Colleague: 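Structure in structure tokens, see below.
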Amino acid sequence: MRQLDDIQAWSARAETMMAPLSGKTPPALRAVLTEWPVVSAPIAETLTGASRGTVQRNLAWMEAQGLICEVTGTECFRMWRAMP
């Protein structure tokens with residue numbers, strides 16, 4: 001239950017922080033990260049319907065804002081997770 005509460009709190013915080021961003025991708029990406037424990041760019045691309053570049057730009061922005069962290073530690077096959 002605590003993990004669900006943490007994810008719900010993260011989603012609310014992410015929504016507030018991402019409000020100034022335009023387009024469909026930021027809210028779609030937030031929804032993906034709320035539903036999936038770890039996400040790669042190709043998975044996010046498929047689930048959001050956005051281009052790879054758009055997804056990667058948004059992931060980089062979210063990482064810079066402290067909303068997500070990269071968990072694989074590699075240049076290839078990177079995976080991110082929400083940071084509640």
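These numbers were taken from a predicted model, which means no experiment stands behind them. Heavy atoms only: backbone and side chains are in, while hydrogens, waters and symmetry mates are out.
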Colleague: Distance only, no hydrogens: is a donor on one side chain within 3.5 Å (strictly under) of an acceptor on the other, for Thr54 and Gln56?
Modeller: no
Colleague: Any idea which heavy atoms bring Glu45 and Ser51 closest together, and the distance?
Modeller: CG-C, 4.2 Å
Colleague: Closest approach of Ala44 and Val39, non-hydrogen atoms and distance?
Modeller: CB-CG1, 3.6 Å
Colleague: Is Val32 reachable from Ile7 through a run of I, L, V, M, F, W or Y residues, each pair having side-chain heavy atoms under 4.5 Å apart?
Modeller: no
Colleague: Can you hop from Leu29 to Leu21 via hydrophobic side chains spaced under 4.5 Å?
Modeller: yes
Colleague: Check this for me: Trp36, atom CH2, are more than 12 non-hydrogen atoms of other residues, nucleotides or ligands nearer than 6.0 Å?
Modeller: no
Colleague: Same cluster for Ile43 and Ile68 if Ile/Leu/Val/Met/Phe/Trp/Tyr side chains link at under 4.5 Å?
Modeller: yes
Colleague: Mind jotting down which residue pairs meet the side chain to side chain donor-acceptor pair (under 3.5 Å) criterion with at least one end in residues 13-31? Sequence neighbours excluded, please.
Modeller: Ser11-Arg30
Colleague: Check for a donor-acceptor pair, side chain of Gln3 on one end and backbone N or O of Asp6 on the other, with a separation under 3.5 Å.
Modeller: no
Colleague: Can you name the closest pair of heavy atoms from Pro20 and Met17 and give their distance?
Modeller: CD-O, 3.3 Å
Colleague: To the nearest 0.5 Å, what is the distance between CH2 on Trp80 and SG on Cys69?
Modeller: 11.0 Å
Colleague: Going by the side-chain contact (heavy atoms from CB on, under 4.5 Å) test, name the single residue among Met79, Glu63, Arg81 that passes it with Glu70.
Modeller: Glu63
Colleague: Hey, does Met18 have a side-chain heavy atom less than 4.5 Å from the side chain of Met62?
Modeller: yes
Colleague: So, the side chain of Trp10 versus the backbone of Leu67: is there a donor-acceptor pair under 3.5 Å, distance only?
Modeller: yes
